[in-house]
Structures are given as structure tokens and as C-alpha cells.
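Scroll down for the structure; my scribbles are underneath it.
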Number of protein chains: 2
Amino acid sequence: MKTQLKKGTLDMCVLAALAAGDSYAYELVSILSRSMEVSEGTMYPLMRRLQAEAWVSTYLVESASGPSRKYYTLTAEGRRQLALMQQEWQEFVGDVNSVLQLAAGRATGETA
Amino acid sequence: MKTQLKKGTLDMCVLAALAAGDSYAYELVSILSRSMEVSEGTMYPLMRRLQAEAWVSTYLVESASGPSRKYYTLTAEGRRQLALMQQEWQEFVGDVNSVLQLAAGRATGETA
DNA sequence: TCCAACTATCATGTATTACAAGGTACATGG
DNA sequence: CCATGTACCTTGTAATACATGATAGTTGGA
């Protein structure tokens with residue numbers, strides 16, 4: 001299972017999806033599902049965390065096909081956070097990839 | 001804190017480091033510390049997991065400067081696992097980056 | 001009418017795992 | 001003889017992804 005890989009990236013992915021337009025939890029699951037596996041049991045607690053951090057705010061919109069939809073929209077702080085997370089993400093990917101090159105390179109033998 | 005980002009990648013990083021040469025936990029911490037933050041409290045439980053999965057095997061080597069060192073070496077299965085993890089890692093990075101591109105058009109309209 | 005299916009919300013419990021904090025043991029130099 | 005550095009290990013905690021299932025409104029069919 002690569003569920004562990006997702007830890008810490010789902011927040012960022014959700015924020016990124018919201019940066020492309022307001023959405024609600026149920027729809028976010030299907031949007032993200034186009035690229036990765038996510039479930040509702042993950043999304044709802046996650047959205048509450050994002051709201052608790054004030055990275056998103058909500059408004060209700062009535063739906064003709066079921067209960068009202070709770071739309072989420074990025075706050076200014078959320079946008080800042082997204083930028084920060086993306087930067088950390090790229091640094092992290094760089095770090096990991098540099099470690100992976102140990103396996104390919106085989107000849108490091110430096111300061112030990 | 002980006003400790004969550006590491007979930008699921010540390011195993012791979014350790015296997016990659018071992019692919020470059022046998023090592024022991026204490027040394028692995030300092031090797032990986034060159035690229036990322038890791039602590040002993042993380043490493044020792046992790047090594048036991050890797051051994052429980054039979055991805056590494058161990059042998060003792062006496063040291064002139066302290067207790068015997070428990071060296072870890074990759075098993076054939078460990079090498080297979082490393083290759084698999086690297087593949088999953090790259091797919092995962094691709095997935096996440098494709099989600100991040102959802103935001104590309106909007107959030108960073110100006111200061112990119 | 002009643003029941004199933006679909007949309008949409010949320011809560012509870014479990015597993016994984018990174019890490020801090022603490023403990024053991026051995027060697028060497030002040 | 002004690003501090004320091006090497007090297008091992010355990011326990012407890014926090015974060016979080018997810019399975020499962022509850023709640024509720026709408027629509028359409030038997």
C-alpha cells in the first residue's frame with residue numbers, strides 16, 4: 001500500500017484543487033480521484049482540518065440532487081500556505097531523489 | 001513540519017543507502033542526515049521492520065570505539081522491493097505534480 | 001406508498017509510522 | 001572516576017489515511 005506516501009500531501013493537493021475553483025468535499029474526492037486514490041472517509045476530516053487552520057472558508061449552496069453542498073474556497077492564508085507547501089514538496093522530492101542516487105552511484109565515501 | 005511527507009519514503013531511502021553499501025543504524029542516521037532529517041528513534045524501529053520483512057539481514061562486527069556494530073545488508077528481496085518502491089515513488093510524484101498543475105493557472109497568476 | 005439508488009454530509013475506530021525521551025553498554029581522555 | 005562519544009534499544013505520543021457506517025434529502029420504479 002502506498003497510503004503512507006500520501007501523508008502530508010493530500011492537504012496540498014486539496015488546496016491546489018481549490019485554487020482551480022471552489023468545490024465541495026464530495027466533488028473534491030472525484031476530482032482528485034482522476035489522479036490518485038482518495039476516499040470520503042479521508043476527505044471530510046481533512047476539510048475540517050483545513051478549515052480549522054483557516055486555509056479555507058465555506059458557504060452553502062442548495063442542490064437539486066440531494067442535500068445542500070458545502071462549498072470550500074481558499075482564503076488568502078490558504079493561498080500562502082499552498083505556495084509554501086509546494087515549495088516544501090519540491091525540496092522534499094529533491095532530497096529523496098538525492099538519496100536514491102546513492103543506490104545508483106555507489107561511490108560516495110566522504111566525510112565519515 | 002514536514003514529518004508527514006516522510007511517511008513511506010524512509011524505508012526506501014534506507015534501502016537505497018544500503019544498496020550503496022552495508023551499514024549500521026547509527027551510521028545510516030548520519031548518512032541520511034546529509035540529505036534529510038532523521039533521528040535514531042526513527043531508525044531503530046524502522047530497521048526492525050525492514051528485517052521483519054526480510055528485506056535486510058544482519059551481521060555483527062566488533063568496533064574499537066564502542067559496542068559491536070550491527071551491520072545491515074540488502075537481501076535479494078530487499079533489492080526487488082527497492083526497485084518497486086522507486087517505481088511507486090516516481091508514479092506518486094507524477095500524480096501529485098499533475099494535481100498541483102490544477103492550481104497553476106490561477107493561484108500563481110503574477111509572482112511566479 | 002414504499003423502497004432502492006444516488007448525492008452529500010459527518011463520526012468513530014484502527015493501523016501505520018516518525019519522533020522525542022529515556023535507558024543500556026563500552027571505550028577513551030581529562 | 002566521570003564526561004564524552006559510539007552504538008544499541010524501548011516506550012509513549014502525535015499525525016493522519018482510511019474503512020465502516022450513520023444521517024438525510026431527492027428521484028424514480030414496483
Side-chain angles (χ1 to χ4, degrees), chain A residues 1-15 22-33 35-53 55-56 58-72 85 88 92 95-96 99 111-112, chain B residues 1-15 22-33 35-53 55-56 58-72 85 88 92 95-96 99:
Chain A
M1 296 290 144
K2 51 176 189 170
T3 105
Q4 293 299 322
L5 285 181
K6 291 182 211 148
K7 304 252 175 177
T9 61
L10 270 185
D11 295 26
M12 177 178 65
C13 288
V14 167
L15 292 180
D22 295 0
S23 186
Y24 49 101
Y26 193 83
E27 190 187 46
L28 282 168
V29 170
S30 73
I31 289 176
L32 294 186
S33 289
S35 301
M36 62 205 319
E37 288 172 29
V38 212
S39 69
E40 293 178 27
T42 302
M43 190 56 71
Y44 286 99
L46 195 160
M47 295 316 294
R48 294 179 134 244
R49 283 204 303 275
L50 296 185
Q51 193 172 8
E53 300 280 359
W55 295 339
V56 299
T58 67
Y59 56 95
L60 285 177
V61 174
E62 288 183 27
S63 164
S65 64
S68 288
R69 292 164 175 170
K70 186 188 275 186
Y71 272 82
Y72 293 89
M85 283 174 160
E88 282 184 350
F92 178 71
D95 290 347
V96 170
V99 171
T111 7
Chain B
M1 48 230 85
K2 49 177 191 170
T3 105
Q4 292 298 324
L5 285 180
K6 291 182 209 147
K7 304 253 176 177
T9 61
L10 271 184
D11 296 25
M12 177 178 65
C13 288
V14 167
L15 292 180
D22 294 0
S23 185
Y24 49 101
Y26 191 84
E27 191 186 46
L28 283 167
V29 170
S30 71
I31 289 175
L32 294 186
S33 290
S35 301
M36 63 205 319
E37 288 172 30
V38 212
S39 68
E40 292 180 29
T42 304
M43 190 57 70
Y44 286 101
L46 194 161
M47 295 316 295
R48 274 208 265 115
R49 283 205 302 276
L50 297 186
Q51 192 173 9
E53 299 281 359
W55 295 339
V56 299
T58 67
Y59 55 97
L60 285 178
V61 174
E62 288 184 24
S63 163
S65 65
S68 289
R69 293 163 175 171
K70 187 188 273 184
Y71 273 83
Y72 294 88
M85 283 174 161
E88 281 183 350
F92 178 71
D95 289 348
V96 170
V99 172

In whole Å, I'd like the distance from the [atom1] atom of [X] to the [atom2] atom of [N].
{"X": "A:Lys6", "N": "D:dC18", "atom1": "NZ", "atom2": "C1'", "result": "9 Å"}
{"X": "B:Glu53", "N": "C:dT17", "atom1": "CD", "atom2": "C1'", "result": "13 Å"}
{"X": "B:Gln4", "N": "D:dT13", "atom1": "CD", "atom2": "C1'", "result": "13 Å"}
{"X": "A:Glu37", "N": "D:dT16", "atom1": "CD", "atom2": "P", "result": "20 Å"}
{"X": "A:Leu28", "N": "C:dC10", "atom1": "CG", "atom2": "P", "result": "12 Å"}
{"X": "B:Leu50", "N": "C:dT17", "atom1": "CG", "atom2": "P", "result": "10 Å"}
{"X": "A:Leu10", "N": "D:dA17", "atom1": "CG", "atom2": "C1'", "result": "7 Å"}
{"X": "B:Leu32", "N": "C:dC19", "atom1": "CG", "atom2": "P", "result": "11 Å"}

- Residues in side-chain hydrogen bond (donor to acceptor under 3.5 Å, both in side chains) with A:Tyr24, at least two apart? A:Arg69
- Side-chain contact check for B:Arg49: nearest option of C:dT17, C:dC19, C:dC10 is C:dT17
- Query: Going through the checks in order, is the side chain to side chain contact (heavy atoms under 4.5 Å, CB included) test met by A:Thr42 and A:Val29?
  - Reply: CA-CA 9 Å; A:Thr42 302; A:Val29 170; over 6 Å; no
- Message: Checking B:Arg49 now: which residues fulfil salt bridge (charged side-chain N to carboxylate O under 4.0 Å, His left out) with it, not counting sequence neighbours?
- Response: B:Asp11
- Message: On the nucleotide C:dA20, are OP1 or OP2 found under 4.0 Å from the side-chain N or O atoms that B:Ser39 carries?
- Response: yes
- Judged by atom type as modelled, is there a donor-acceptor pair below 3.5 Å linking the side chain of A:Ser35 to the main-chain atoms of A:Leu32? no
- Item | Any donor-acceptor pair under 3.5 Å from A:Lys6 side chain to A:Glu37 backbone | yes
- Note on the structure: Heavy-atom nearest nucleotide on DNA chain D taken for A:Thr9 and for B:Gly41; more 5' hit belongs to B:Gly41
- Item | Min side-chain heavy-atom separation B:Thr9-A:Phe92 under 4.5 Å | yes
- Message: Students often get this wrong, so: under 4.0 angstrom with heavy atoms, is B:Thr42 touching a base, only sugar-phosphate, or nothing?
- Response: base
- Task: Remember a base hit wins even if backbone is also touched, and classify B:Lys7 as base, sugar-phosphate or nothing at under 4.0 Å, heavy atoms.
- Result: base
- Heavy-atom count around B:Glu53 CD within 6.0 Å, excluding the residue itself: above 12? yes
- Message: Here's a test of your reading of the structure: between A:Tyr72 and B:Pro45, which maps to the more 5' nucleotide of DNA chain C?
- Response: A:Tyr72
Please write out each protein N/O paired with an N/O of nucleotides 4-7 of chain D under 3.5 Å, distance rounded to 0.1 Å.
from: D:dA7; atom 1: OP1; to: B:Tyr24; atom 2: OH; distance (Å): 3.4
from: D:dA7; atom 1: OP1; to: B:Arg69; atom 2: NE; distance (Å): 2.2
from: D:dA7; atom 1: OP1; to: B:Arg69; atom 2: NH2; distance (Å): 2.1
from: D:dA7; atom 1: OP2; to: B:Tyr24; atom 2: OH; distance (Å): 3.1

